[in-house]
Amino acid sequence: MKTMKKSSSNNKAKPSAGASKKPASASKAAANTRPYSSLVLDGPERAPSRAMLYAVGFKKEDFSKPVIGIASTWSMVTPCNMHIDALAREAETGANKAGGKAVIFNTITISDGISMGSEGMKYSLVSREVIADSIETVVACEGMDGFVAIGGCDKNMPGCLMAIARMNRPAVFVYGGTILPGCITGDSRKLDVVSVFEAVGAHANKKIDDKELHAIESCAIPGPGSCGGMYTANTMASAIEALGMSLPNSSAQNAMSAAKKDDCQRAGAAVMNLIQKGIKPLDIMTRKAFENSITVIIALGGSTNAVLHLLAMANAANVPLTIDDFTTIGKNVPVLADLKPSGKHLMSELVAIGGIRPLMKTLLDAGLLHGDCLTVTGKTLREDLTAVKPYIKGQTIIRSLDNPIKKDSHLVILYGNLAPGGAVAKITGKEGLLFKGRARVYNSEELAMHAILDGSIVARDVVVIRYEGPKGGPGMREMLGPTSAIMGKGLGKEVALITDGRFSGGTHGFVVGHITPEAYVGGPLALINEGDELTIDAEKRTLSVNVSAVELKNRKAKWKAPKPQYTRGVLAKYAHTVTSASLGAVTDNNLSL
């Protein structure tokens with residue numbers, strides 16, 4: 001194993017302009033622990049502010065305490081977040097016991113699993129920006145001195161971290177926890193939401209009947225918590241813990257557990273500790289910390305969405321990070337976790353053997369993690385991992401470094417005449433490393449889904465789904481429906497899929513997403529014709545169409561840009577401001593007034 005090359009970047013990023021700068025007018029005493037709430041609450045002229053807060057439960061003595069926000073993503077629109085109201089109250093208790101005054105507030109969440117494959121899914125990635133904006137808005141407006149952010153689903157987790165980075169006030173992230181597996185009486189299978197998506201394909205292929213489909217859909221989601229494999233939610237929870245922004249083990253706890261309640265209480269107290277020590281998020285979210293995140297998600301076989309979200313989080317923290325960093329780091333980091341979707345095990349099984357901490361200790365001891373990175377405990381990563389014990393003997397979930405599932409990263413960045421700005425593939429090695437096939441071109445996810453389910457797609461086809469990028473969708477929908485249908489049809493090793501959209505963490509198979517430039521802005525994906533020969537080469541890291549440069553130029557001359565699908569509302573605003581997927585699909589990239 002090679003040791004990771006140490007970053008030469010300047011890790012002291014400057015905080016975002018605006019609310020995060022310490023006010024000079026606060027008294028010296030208040031500035032230490034109440035730099036923001038003192039401006040809102042102190043002095044005779046702030047009596048109206050205090051009057052409003054008496055009504056929501058403040059007592060006279062609370063006005064001298066740091067105000068700790070508890071950003072809750074509770075919602076009954078999804079099982080991922082349905083329990084977070086109770087977790088927020090645990091965090092409130094922890095902050096109050098540690099000497100703060102906690103105030104719970106909410107932000108939105110949406111459900112990918114429910115909206116997947118529909119027009120509503122276009123709002124999914126947009127919600128990440130809305131969540132970040134809303135948390136920033138409340139924390140800044142209400143003069144909160146620090147905060148806990150609790151997320152339980154794909155987009156609200158990076159959204160929370162983007163807000164934390166922007167505000168640069170002492171903060172801790174808490175993961176809502178993973179769901180337990182579903183089951184059918186008399187059936188040994190451990191079910192999750194991907195089981196249902198793949199059952200749709202099996203049903204279309206007449207491998208299962210209506211009764212079995214109903215049995216799977218009614219039992220797969222047994223209660224609260226995020227999707228149970230190493231899908232995007234568990235990937236991002238692990239990435240955030242590796243980043244140092246959540247407490248040890250926060251990423252590997254069941255949603256309904258005493259450990260998760262304790263995690264929330266300790267997070268509330270940890271924010272108070274960070275305030276006392278003067279430790280802020282940008283002291284933790286450094287270039288080396290992001291390298292640690294990338295290393296851990298590769299070892300875990302994590303979701304391609306991690307590329308998109310880590311780029312966005314780094315952008316918010318003013319940390320230089322590019323898609324090519326995933327290649328550089330990935331050359332030295334093996335895939336060690338046999339977790340769904342491409343593996344056998346669920347996150348709850350990893351929780352039972354100790355979570356990701358023993359894996360992180362192994363990576364640290366091998367020189368693959370930066371041990372000197374600060375974490376929200378106030379200690380370094382090396383100090384946090386000192387007492388961690390190895391996994392129990394005989395476990396089959398996490399392999400040893402000398403027996404990897406794949407010797408290098410499964411997250412493969414491709415370039416070529418179809419992706420001059422880059423694309424992201426998830427290649428575990430089980431799919432093979434080279435795929436050549438004929439293009440079957442569809443200008444939306446729905447059209448492709450119909451073709452897959454009606455039997456139009458056959459072996460050696462490459463399904464091309466375009467005009468689904470950040471601007472073109474708009475919103476860069478996930479393609480879990482089509483990829484799961486391909487798997488359910490039994491075509492997982494015989495059919496590939498490429499898109500300027502993205503994939504759920506539950507996707508597996510020979511798939512390439514995040515193709516840039518996207519079709520909507522005239523990228524080469526828009527120029528593919530039905531029947532063109534396409535090549536995905538994971539070893540050469542290329543994505544190409546077997547068409548001459550002259551022919552592509554001629555096709556580009558005839559291409560006409562489509563009209564925007566939305567001209568009003570949040571999707572229109574998003575399409576107008578969003579950057580490409582290779583930059584994290586952010587909406588606040590170096591905006592200038």
Side-chain angles (χ1 to χ4, degrees), residues 33 65-74 81 83-105 135 139 144-152 156-157 160-161 164 169-178 224-226 234 236-281 283-285 289 351 354-358 360-361 373-389:
T33 61
K65 301 174 183 177
V67 175
I68 308 300
I70 311 293
S72 167
T73 58
W74 171 81
N81 294 64
H83 61 305
I84 286 179
D85 55 339
L87 297 185
R89 297 199 180 280
E90 298 288 348
E92 175 190 33
T93 297
N96 289 343
K97 284 183 176 179
K101 175 55 184 171
V103 177
I104 299 174
F105 66 94
I135 294 174
V139 170
M144 293 172 174
D145 300 301
F147 60 106
V148 176
I150 310 174
N156 52 54
M157 295 159 63
C160 287
L161 267 291
I164 286 171
R169 302 181 188 188
V172 174
F173 176 79
V174 173
Y175 177 41
T178 188
S226 298
N234 284 317
M236 291 313 302
S238 301
I240 292 166
E241 183 173 333
L243 188 69
M245 286 306 301
S246 60
L247 292 173
N249 283 321
S250 184
S251 70
Q253 293 164 337
N254 295 324
M256 302 303 291
S257 66
K260 183 49 64 183
K261 291 180 180 179
D262 181 61
D263 181 36
C264 293
Q265 286 210 17
R266 289 188 298 112
V271 173
M272 287 297 296
N273 181 53
L274 293 171
I275 288 174
Q276 294 289 345
K277 292 187 173 184
I279 298 173
K280 298 181 180 179
D283 299 322
I284 298 170
M285 298 174 69
V351 170
I356 72 169
R357 305 301 286 180
M360 291 176 64
K361 180 71 179 299
C373 290
L374 195 62
T375 79
V376 291
T377 65
K379 302 176 182 178
T380 65
L381 181 65
R382 181 175 286 107
E383 290 171 327
D384 284 345
L385 293 172
T386 298
V388 171
K389 304 282 194 234

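Below, all heavy atoms of this structure are taken into account, side chains as well, without hydrogens, waters or symmetry copies.
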>> Using every non-hydrogen atom in the two residues, find where S246 and V172 come nearest and quote the distance to one decimal.
In response: CA-CG1, 4.4 Å
> Below 4.5 Å, heavy atoms only, C-beta onward: do L243 and F173 meet side chain to side chain?
Replying inline: no
> Taking K65 for the side chain and A102 for the main chain, is one N or O donor matched with an acceptor at less than 3.5 Å?
Replying inline: no
> What closest approach, in Å, do C373 and A289 show between heavy atoms, and which atom pair accounts for it?
Replying inline: SG-N, 3.7 Å
>> If we ignore hydrogens and angles and just use 3.5 Å, is the side chain of R169 paired with the main-chain N or O of F147 as donor and acceptor?
In response: no
> Closest approach of A91 and I150, non-hydrogen atoms and distance?
Replying inline: CB-CD1, 4.2 Å
>> Could you report the tightest heavy-atom contact between S72 and I104, atom names first, then the distance?
In response: CB-CG2, 4.3 Å
> Roughly how far apart are Q265 CD and N96 CG, rounded to 0.5 Å?
Replying inline: 10.0 Å
> Under 4.0 Å between a Lys/Arg side-chain N and an Asp/Glu carboxylate O for D283 and K280?
Replying inline: no
> Does any N or O in the side chain of S257 come within less than 3.5 Å of the main-chain N or O of N254, such that one atom is a donor and the other an acceptor?
Replying inline: yes
>> T73: which residues meet the side chain to side chain contact (heavy atoms under 4.5 Å, CB included) condition with it, sequence neighbours left out?
In response: N81, I84, T107, N156, C160
>> List the residues meeting side chain to side chain contact (heavy atoms under 4.5 Å, CB included) with V388, not counting sequence neighbours, and say none if there are none.
In response: R357, P358, K361, L385
> Is the closest side-chain heavy-atom distance between Y175 and M157 below 4.5 Å?
Replying inline: yes
> From W74 CH2 over to R89 CZ, what is the distance, rounded to the nearest 0.5 angstrom?
Replying inline: 10.0 Å
Using a 3.5 Å cut-off and no angle test, enumerate the donor-acceptor pairs between side-chain atoms of residues 266-273 and protein atoms at least two apart in sequence or in another chain.
| unit_1 | atom_1 | unit_2 | atom_2 | d |
| --- | --- | --- | --- | --- |
| R266 | NE | D262 | OD2 | 2.9 |

> Side chains of L381 and M360: does their closest heavy-atom pair fall under 4.5 Å?
Replying inline: yes
> Looking only at heavy atoms, what is the nearest atom pair of I275 and P66, with distance?
Replying inline: CD1-CB, 4.2 Å
> Under a 4.5 Å cut-off applied to non-hydrogen side-chain atoms, are Q253 and D263 in contact?
Replying inline: yes
> Passes side chain to side chain contact (heavy atoms under 4.5 Å, CB included), I240 versus L161? Steps please.
Replying inline: CA-CA 8 Å; I240 292 166; L161 267 291; 3.5 Å; yes
> Side chain of H83, backbone of G176: donor and acceptor closer than 3.5 Å?
Replying inline: yes
>> Apply side chain to side chain contact (heavy atoms under 4.5 Å, CB included) to residues M245 and I284 and explain how you reach the verdict.
In response: CA-CA 7 Å; M245 286 306 301; I284 298 170; 3.7 Å; yes
> Step by step, would you call E241 with I356 a side chain to side chain contact (heavy atoms under 4.5 Å, CB included)?
Replying inline: CA-CA 9 Å; E241 183 173 333; I356 72 169; 4.1 Å; yes
> With a 4.5 Å limit on heavy-atom distance, are the side chains of V103 and I68 in contact?
Replying inline: no
> Do T375 and T380 have side chains that get closer than 4.5 Å, going by heavy atoms?
Replying inline: no
>> So which atom in D145 and which in P170 form the shortest heavy-atom distance, rounded to 0.1 Å?
In response: O-CD, 3.5 Å
>> Determine whether S250 and K260 satisfy the following criterion, side chain to side chain contact (heavy atoms under 4.5 Å, CB included), listing intermediate values before the conclusion.
In response: CA-CA 7 Å; S250 184; K260 183 49 64 183; 3.6 Å; yes
> Quick one: does C264's side chain get under 4.5 Å of V174's, heavy atoms only?
Replying inline: yes
>> Once rounded to the nearest 0.5 Å, what's the spacing between atom CD of E90 and atom CD1 of I70?
In response: 11.0 Å
